[in-house]
Structure formats: C-alpha cells, structure tokens
Amino acid sequence: MGDKGYGRHRDMGDTGRGIRRTQDTGDVGTWDIGAQGMGDTGYEDMGHVGYGTHRTWEHEGHRTHGDSHAPARWSCRGSPPGWRGSPRGAPPVPLAVTSPLGRHECRRPRRHPHGHLRGSQGLPHLRGLSAPLLPQKPLGPIFIHSPVRPVLGDLTSASPQGYEGLVEGGDNIKQATWLSVSNIIQLGGTVIGSARCKAFTTREGRLRAAHNLVEHGITNLCVIGGDGSLTGADIFRAEWGGLLDELLRDGQISEEVAKANGRLNIVGLVGSIDNDFCGTDMTIGTDSALHRIMEVIDAITTTAQSHQRTFVLEVMGRHCGYLALVSGLASGADWLFIPESPPEDGWEDMMCERLGETRSRGSRLNIIIIAEGAIDRNGKPITSNYVKDLVVQRLGFDTRVTVLGHVQRGGTPSAFDRVLSSKMGMEAVMALLEATPDTPACVVSLSGNQSVRLPLMECVQVTKDVQKAMDEKRFDEAIQLRGRSFENNWNIYKMLAHQKPAQEKSPFSLAILNVGAPAAGMNAAVRSAVRISICQGHTVYAVNDGFEGLAKGQIREVGWHDVAGWLGRGGSMLGTKRTLPKTCMEKIVENVRKFNIQALLVIGGFEAYEGVLQLVEARGQYEELCIIMCVIPATISNNVPGTDFSLGSDTAVNAAMESCDRIKQSASGTKRRVFIVETMGGYCGYLSTVTGIAVGADAAYVYEDPFTIHDLKANVEHLTDKMKTDIQRGLVLRNEKCHEHYTTEFLYNLYSSEGKGIFDCRINVLGHLQQGGAPTPFDRNYGTKLGVKAVLWMSEKLQEVYRKGRVFANSADSACVIGLRKKVVAFSPVTELKKVTDFEHRLPQEQWWLNLRLMLKMLANYQISLTEYISGKMEHVTRRTLSIEKGF
C-alpha cells in the first residue's frame with residue numbers, strides 16, 4: 001500500500017485460489033489483495049515472499065475493502081523474517097511453544113513451507129491471523145509447550161524439552177519461523193523434544209520459569225500434554241501474580257515489566273495416545289497409535305492362521321483401556337482385558353472354554369488383547385505371560401506373546417491426527433486471542449466433529465475421579481466416567497465377541513446388501529449387523545451384488561460364523577453394484593414377498609440413499625415395500641446427506657495422504673518440481689480438502705469453491721516465488737470433477753507452460769487405490785457401531801409396526817439414513833433429506849467440511865479474514881455431558 005493518500009489497496013477476497021492483482025482503472029493507488037488461494041507458498045502481499053523478502057506497506061487515512069471505504073489503522077512494515085503487521089502503536093506478537101510430556105506422542109506435525117510454526121501435535125499455525133485480528137486486540141507473546149507453527153507473526157517461540165526448557169531458559173526458548181517447521185507434518189514424535197521436569201513441580205522452579213518468560217515478554221502459554229502437565233500449567237497461572245511480585249522484590253524485574261506482564265493466559269491441548277483425558281472424544285496421538293496396533297494385528301493374523309496359533313498382544317494403557325478396547329473391537333479379538341473392567345472371578349475357566357469352543361468350530365487362530373494395566377477383581381495384575389502360560393497348560397495351544405511397547409508411539413501421524421491437531425491448534429490460538437482477565441484456563445477438545453473449549457481443571461478433576469473409582473473398585477462407575485462412547489464400545493464388544501443364544505426366536509427377517517462403489521468399513525458394518533441381528537433372534541439374509549442381486553434372487557441366510565474374519569477386509573465381501581431399484585422394481589418386490597423380508601439394511605454411498613428413496617416413493621404402488629429401511633453411508637466421497645462422515649472416507653484420506661507424502665519426498669529429492677494430483681470424490685471435494693490439510697498442499701481445487709483462470713495464474717506465480725526459497729517443491733490437489741474445462745491435463749499444461757524454466761510438472765492420478773486397502777481403525781470401529789445401532793433401531797421400529805402377524809410401515813421415519821451429525825448419531829428420514837439434496841451433482845446442499853477450507857488457506861500462508869471463523873464455545877464437563885453418545 002502506498003505511503004500517501006489512500007495508498008494502493010488489494011481486495012481481501014476469500015473466494016478462489018491464489019493472488020489476483022487487479023489494477024482498478026481510474027483510481028490511482030487502488031490494489032486488489034486477493035486472498036483467494038490456498039497454496040503452500042509465501043505471499044508477498046503481506047510482506048513475506050517465501051522466506052525473508054519483505055515489503056514496506058503503510059496505509060494512512062482510508063483503505064478500500066471491496067467497494068467500500070473504511071478507516072485503516074494498521075500497517076505492515078518490512079521487518080526481520082517472521083514478523084507480521086501489528087496495530088499501529090502495538091508491539092509485535094511473539095509466541096512460544098513447549099511440550100512438558102515425558103514421552104513422545106504420535107502427533108501430527110502441521111507442515112508449511114513458509115513461516116508458520118506448527119507442532120508435531122499440530123499446534124498453532126496461524127500465519128495470516130495478524131492482519132484481521134491484531135488491529136482488534138494486541139496479543140502478547142505466546143509460549144507453546146510442544147511443536148508448533150508460528151502463530152500471529154513469527155514471534156512464536158518453542159521450548160525444547162518442555163517445562164525443563166522453560167525453567168532452564170537461555171537457548172531452550174527459541175524463536176520459531178515458518179521455514180523451521182516446514183516439512184515436518186509427516187514426522188511422528190515431537191520435533192522440539194519433550195521431558196518430565198521435577199524442578200517445575202517446586203515453587204522455586206516455577207519462579208525461574210516465570211523470570212524466563214518475562215525476559216522474553218511471553219504472557220500466553222499453550223501447553224500440550226496430559227493431565228499432569230495441564231495441572232502444572234494451571235498452578236503456574238494461579239501463582240503468576242505472586243511470582244512476579246517476588247521477582248520484583250528481588251530486583252530481578254522492574255515495576256514496569258511486572259505491570260506489562262501482569263496476566264498469564266493458559267490454553268491446553270491434550271496429547272496422549274491413551275485417550276485417557278475426560279472431556280474430549282479423542283486426544284492427539286490416539287488414532288495414530290491405533291494405526292500401529294492394527295498394522296501389527298493384521299500382520300499377526302496371517303501367521304497365526306498359517307500355524308494355527310494363539311497370540312497374546314499387550315498394548316499400552318496403564319490406567320486406561322481405550323487402546324485395548326478399540327483395537328479389540330476393530331479386530332474381533334476373542335478375549336480382552338482392560339483396567340476399567342476386571343474379569344469376574346473364575347475368568348481363567350471361562351476364557352479357556354471360549355478359546356476351545358472357537359477352535360472346535362474350525363477357527364485357526366485366537367487373538368487375546370491385554371492392556372498393560374489390566375488387573376483382576378482383587379487388584380492383582382494380569383500379565384501377558386500369565387495368560388500365555390494359562391492357555392498352554394490348559395489347552396495345549398501353540399501360544400506366542402507380542403508386546404507392542406513404544407512401537408505405538410512412533411510412525412507417521414494418521415490423517416485423523418493431522419487434521420485433529422490442526423483444528424485444535426487453530427482453536428487454541430483463537431482462545432488466547434479472545435482471553436480476558438476473567439477467562440478461566442481452558443483446554444481445547446473434540447466433541448463429535450466440533451472443537452470446543454472446556455474449563456481445564458473440570459476435565460482434570462473428572463479424569464482423577466476415574467482413577468479414584470478404579471482404586472476403590474467402583475468399576476462400573478469408572479466406565480461411565482470414561483464417557484458414553486467408551487461404555488458403548490465395551491458393551492458392543494461383549495455382544496459381538498461371542499455368540500449368545502437369543503432368548504426367543506423373533507418373527508422378523510432382515511436383509512443386508514451393499515450398493516454403489518466399494519468402501520472400506522462395509523464389511524465391518526455387515527459383520528456387526530449380522531451378529532447383532534442374530535442376538536435379537538432375527539432371521540438374517542445376505543444379498544449379493546446390491547439391488548441387482550435382490551432382483552435376481554441372490555439371497556442366502558447367513559449365520560454368526562459366516563462373517564468371521566470380515567473386520568479387517570477392504571472392499572465388499574457381499575459384492576456391490578450401482579444398479580438402482582427403478583430398473584427392476586417388480587422383481588425386487590417379488591423377492592421381498594418370497595423371502596418375507598420385513599427390514600432392509602442398505603450399506604453404500606449416494607446410490608444406496610437414492611435407491612431407498614425410490615423404494616419409499618414406490619410404497620403407494622407396492623404394499624410389500626412398506627417395511628423398515630435404513631441406510632448406512634459408506635463411500636469414499638463422503639457425499640451422502642444426513643451424515644458428516646461416511647464409512648470409507650477415512651481410509652481413502654489416509655491412502656491419498658500416504659501417496660502424497662511419498663510424492664512430496666520425491667519432489668524434495670528432485671528440486672523445482674510441482675506435482676498435480678487428482679483425487680476421486682465425484683463433485684464432492686471432501687477428499688481433496690482434508691488430504692490437502694493433512695499433507696500441506698499448495699492448492700486444492702474443488703467444485704464447491706469456484707475458481708477462475710485468474711486464480712490458476714496466481715497459483716502459478718505463487719509457486720514461482722516459492723521456488724526461490726529453500727522449499728523447491730509444489731503439490732497441487734484437484735478433485736476429479738472440480739471444473740468442466742479445467743481438467744487435470746489442462747492444469748498440467750498451464751503449470752508446465754507458465755513455469756517453464758523455473759519448475760517442471762508431473763501428473764499423478766490416484767484413482768482406485770483410494771478405494772482399496774485395509775480399513776483404518778476409525779472405519780472398522782465406526783462401521784461396527786453403525787451396524788449395531790442400525791439393527792437396534794430397526795428392531796425397535798419393527799416392534800412398533802408389527803400388527804396381527806405382519807409388518808406395515810409407511811411413515812416417513814420408517815426409512816432413514818443413520819449418521820454422525822455434529823455431536824450425536826442420528827436417524828434422518830430419506831424423504832426429508834430429499835429436500836436438502838443436489839441430485840444433479842450428488843451432493844448435500846450444505847456440507848460441514850467447507851469450514852475447513854478457511855484453515856486450509858491459512859495453513860497455506862494466504863492472507864485471510866477470520867470473520868467467518870466460528871470459535872468453539874466454552875462448555876462444561878459433567879456426568880450428564882459424559883453420558884451423551886458422540887461418534888467415534
């Protein structure tokens with residue numbers, strides 16, 4: 001912007017991609033600042049081309065925003081690398097990061113080539129927030145415990161070795177830059193180190209830490225750790241005023257410094273693979289740990305089947321059995337030990353009887369999973385070696401023990417963890433920005449798919465209550481305090497692990513089929529639906545090849561053991577086709593009558609939803625279709641109305657992410673190369689957007705966020721500037737149907753032509769590899785739970801509409817889509833969803849993930865306005881809130 005008059009201005013448009021520089025004719029000095037992109041490159045607009053190229057922009061008087069004129073009181077001066085514009089007269093904003101964890105968690109680092117600091121847990125990475133936010137309220141330095149990306153300018157500081165670095169000071173508190181944390185998103189652990197610190201548990205140690213923070217002007221602390229680390233941070237905050245008074249009395253700081261640093265703001269992020277912190281659905285690192293566990297279980301399963309062996313797997317979880325529980329549910333383990341629910345006395349006899357019975361039915365393997373903190377009813381530890389000796393002595397089975405140990409803490413962070421920590425990191429910084437003297441220390445947590453803020457000490461207290469209940473042998477209460485999801489996981493595991501005879505034979509019959517393209521997690525949903533139906537006493541039919549198979553009579557009754565071993569298999573074991581009922585309606589009706597099918601469970605994508613809708617609309621013509629129907633959304637595109645997440649989408653995102661990680665590695669070895677990667681998804685851009693966040697893409701083109709040739713040209717310029725930095729590689733994602741004319745080939749030709757002599761291009765079409773592979777732990781668990789919930793709902797509905805020996809259901813709520821909507825699992829009638837569906841493009845009219853585009857642009861170093869950002873609300877942790885069922 002110019003130094004005089006109105007200066008030169010750029011419109012802060014936030015719709016497209018890249019920078020579009022438009023000279024407004026007839027108005028000297030008006031620029032158009034297009035924050036229209038979401039690349040992974042530096043912007044010269046706000047004084048940061050790549051790394052270190054700065055411009056001096058001052059704007060006195062007025063600035064033009066769009067077509068309106070408004071007073072502008074901010075400036076962005078050329079400064080040392082890493083500084084951003086701040087309110088006139090306000091100090092720049094430093095930020096610091098620390099990790100008091102005594103052990104490395106598998107956190108997902110947030111990656112960006114220019115300037116943001118992002119932690120391995122995906123901590124704050126808010127480059128670009130300075131423009132819209134600093135004019136409103138200056139924010140003092142932020143210190144973040146654990147890896148982070150610079151937030152609010154590059155005055156973010158990081159503390160190697162957590163609280164220890166905070167106490168020692170000196171070189172242990174370092175300024176972080178965008179470049180210093182680039183290319184770390186795919187790394188596990190924590191890039192700034194982590195350590196337990198005894199000194200910080202003493203007032204003397206905290207006094208030294210306060211002095212070091214004041215020396216650096218840091219008054220905002222973001223802590224990533226468990227309940228111990230967060231409790232320490234809260235104590236530190238409570239003592240802050242007294243610590244400053246003591247430093248002032250000792251002459252270590254001046255009265256002016258004490259006054260300037262009089263308030264310490266605290267925000268916490270929970271990093272723990274155990275998922276043992278009450279108040280959040282998932283902690284950072286848990287999903288990645290589950291990935292490591294399931295990889296081992298899948299590998300062990302093959303050798304166990306070959307040699308007819310029993311394996312005892314010990315996983316981490318000294319005080320919390322979440323890892324053991326979810327891995328047991330996702331693998332169909334024969335027996336499970338968790339600290340929260342010790343087995344009844346005489347469990348040895350019951351376990352051996354169960355294992356022997358399984359072998360007698362032809363199973364060639366047994367899997368026993370045990371949490372390291374497992375105990376019996378008397379508090380005596382149950383060890384993996386004890387269980388092994390028991391099986392060998394009583395059954396004579398060839399038995400092996402595998403202790404996973406710290407394998408669970410390592411490896412590449414999963415896509416879920418990368419996106420989770422990105423959302424939490426952004427929310428953490430927003431919480432610090434909005435903090436007031438009356439704001440309590442809070443912890444950012446996940447509730448469904450929403451980021452929320454919870455009072456830190458409320459969460460810590462409930463977490464301690466769980467351990468207290470376990471110590472006092474109130475185990476049922478301990479499970480309830482873990483939350484409703486934990487309790488339901490445990491109950492579902494017990495229902496599905498071993499066949500129990502139904503109390504009485506049900507008069508109902510239920511058919512299950514897959515429709516549409518294959519998606520990981522379909523088989524998990526079929527398995528759980530079949531088994532829970534048998535538990536309910538229903539007759540269960542499996543239909544091959546979707547609606548086409550239903551029309552052709554490819555229907556067979558299935559039993560408990562017919563679906564054994566299906567959990568870890570990708571694709572569709574039943575077979576699936578895209579055929580819709582309207583092409584063969586009469587034959588479908590004929591077979592529904594022939595097999596007396598009274599309930600239909602359809603697992604699939606948009607075709608499944610559309611097919612059930614066609615069946616419902618045909619009820620007026622065919623009375624046989626007045627039955628209970630339910631759709632379990634299963635598609636990698638995540639485009640089914642009525643749910644925020646579809647089965648298979650998590651596996652597909654991980655597959656695309658792993659491919660892009662390899663592509664990035666290739667590009668880093670071959671300098672000055674840009675890869676254009678095409679993802680699947682139809683018209684839905686979910687896959688491209690979430691993968692883009694997880695891999696730090698330079699751009700992600702999707703149908704829902706329109707773009708023009710100006711935006712494409714701007715992205716090329718962006719990448720051209722990026723090649724002048726140390727990060728000489730580019731990654732651009734394109735959803736397969738994002739634009740009718742701007743095809744992948746077109747983008748390749750455009751980038752190749754415009755970047756000639758600066759960089760070369762390559763195309764990668766990921767294709768059907770996104771549909772294949774073993775399901776992720778998320779999809780296995782989610783599919784299992786949806787299958788159970790769907791059948792229980794159908795059973796309830798069948799009882800309601802059963803009259804005089806027949807089922808007649810024609811109300812709107814007798815045909816629903818089950819799905820996770822924000823915080824709860826809900827059933828939505830297909831006739832109501834029709835009103836909010838774009839059938840031409842096979843999309844819901846509203847899609848929650850579009851809110852992630854703002855974060856994607858910010859992480860890609862684009863200047864954005866946060867006026868559309870919706871901050872998480874402050875909620876409270878009570879027994880009532882813990883009793884609400886919330887998704888995964």
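For clarity, every value in this text was computed on a predicted model and none was experimentally measured.
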Checklist line | Spatial distance of atom CG (Leu856) from atom CG (Leu850) [nearest 0.5 Å] | finding: 11.5 Å

Check: Is there a donor-acceptor pair closer than 3.5 Å between any side-chain N or O of Asn275 and the backbone N or O of Asp281?
Finding: yes

Item checked: Test item: Val640 and Thr635 side chains (from C-beta on) under 4.5 Å apart, heavy atoms -> yes

Notebook entry, point to check: Are Pro775 and Met522 side-chain neighbours, meaning at least one heavy-atom pair lies under 4.5 Å?
Noted result: no

Next item on the list: Find out whether Met316 and Leu404 are in side-chain contact, i.e. whether some heavy atom of one side chain is under 4.5 Å from a heavy atom of the other.
Entry: no

Margin query: When you measure from the side chain of Asp661 to the backbone of Val695, do you find a donor-acceptor pair of N or O atoms at a distance under 3.5 Å?
Written below: no

Next item on the list: Return yes if some donor-acceptor pair links the side-chain N/O of Asn639 with the main-chain N/O of Arg842 below 3.5 Å, else return no.
Entry: yes

Check: Is it true that a side-chain atom of Gln770 and a backbone atom of Met680 form a donor plus acceptor pair closer than 3.5 Å?
Finding: yes

Item checked: Atom CG of Leu769: over 12 foreign heavy atoms under 6.0 Å -> yes

Next item on the list: Mark yes or no for whether Thr286, through its side chain, and Met282, through its backbone, hold a donor-acceptor pair below 3.5 Å.
Entry: no

Item checked: Nearest-0.5 Å distance that lies between atom OG1 in Thr691 and atom CG in Asn735 -> 10.5 Å

Next item on the list: Verify, without hydrogens or angle tests, whether Ser288 (side chain) and Ser414 (backbone) share a donor-acceptor contact under 3.5 angstrom.
Entry: yes

Margin query: With rounding to the nearest 0.5 angstrom, report the OG to CZ distance, Ser327 to Arg292.
Written below: 13.5 Å

Next item on the list: Ignoring hydrogens and angles, state whether a donor on the side chain of Ser649 or Ser646 is under 3.5 Å from an acceptor on the partner side chain.
Entry: no

Next item on the list: Ignoring hydrogens and angles, state whether a donor on the side chain of Arg734 or Ser688 is under 3.5 Å from an acceptor on the partner side chain.
Entry: no

Notebook entry, point to check: Are any of the side-chain nitrogens in Asp644 or Arg821 under 4.0 Å away from the carboxylate oxygens of its partner?
Noted result: no

Item checked: Lys713/Asp711 under salt bridge (charged side-chain N to carboxylate O under 4.0 Å, His left out): CA gap, chis, key distance, verdict -> CA-CA 5 Å; Lys713 183 175 181 296; Asp711 304 320; over 6 Å; no

Margin query: If I take atom OG1 from residue Thr643 and atom CG from residue Asn638, how far apart are they, to the nearest 0.5 angstrom?
Written below: 7.0 Å

Margin query: Just so I know, are the side chains of Thr412 and Glu658 near enough to count as touching, which here means a heavy-atom distance under 4.5 Å?
Written below: no

Note to self: Using the rule side chain to side chain donor-acceptor pair (under 3.5 Å), only one of Glu736, His739, His841 pairs with Tyr703; which is it?
What the structure shows: His841

Notebook entry, point to check: Hey, are the side chains of Leu687 and Val653 touching, using non-hydrogen atoms and a 4.5 Å cut-off?
Noted result: yes

Next item on the list: Could you check if a side-chain atom of Val690 sits within less than 4.5 angstrom of a side-chain atom of Leu852, using non-hydrogen atoms only?
Entry: yes

Note to self: Classify the ring geometry of Phe416 against Phe778: parallel below 30°, tilted from 30° to 60°, perpendicular beyond 60°.
What the structure shows: tilted

Check: Are a donor atom and an acceptor atom from the side chains of Asp760 and Tyr751 found within less than 3.5 Å of each other?
Finding: no

Next item on the list: Look at the side chain of Thr280 and the backbone N and O of Leu446, then say whether any donor-acceptor pair between them is shorter than 3.5 Å.
Entry: yes

Next item on the list: Taking the side chain as every heavy atom from C-beta outward, state whether Ser445 and Phe277 have any atom pair closer than 4.5 Å.
Entry: no

Item checked: Atom pair CD1 (Ile224) and OG (Ser272), whose distance is rounded to the nearest 0.5 Å -> 13.0 Å

Check: Mind checking whether Trp849 and Phe645 have ring centres under 6.0 Å apart?
Finding: no

Notebook entry, point to check: Are any of the side-chain heavy atoms of Met723 and Arg729 separated by less than 4.5 Å?
Noted result: no

Notebook entry, point to check: About how many Å separate CZ of Arg673 and SG of Cys761, when rounded to the nearest 0.5 Å?
Noted result: 9.5 Å

Checklist line | Gln665 atom CD, neighbour heavy-atom count above 12 within 6.0 Å | finding: no

Notebook entry, point to check: Would a line drawn from the ring center of Tyr742 to the ring center of Tyr701 be shorter than 6.0 Å?
Noted result: no

Checklist line | Thr744 versus Glu678, side-chain donor and acceptor atoms under 3.5 Å | finding: yes

Notebook entry, point to check: Ignoring hydrogens and geometry, is there a side-chain-to-backbone donor-acceptor pair from Lys664 to Leu731 under 3.5 Å?
Noted result: no

Margin query: With a 3.5 Å distance limit and no angle check, can you tell me whether Ser666 reaches the backbone of Arg662 through a side-chain donor-acceptor pair?
Written below: no

Next item on the list: Kindly say whether Asp650 contributes a backbone atom to a donor-acceptor pair with the side chain of Tyr782 at under 3.5 angstrom?
Entry: no

Check: Are Asp298 and Arg569 close enough for a salt bridge, meaning some N to O gap below 4.0 Å?
Finding: no

Notebook entry, point to check: Are Tyr869 and Glu427 close enough that a side-chain donor and a side-chain acceptor fall under 3.5 Å?
Noted result: yes

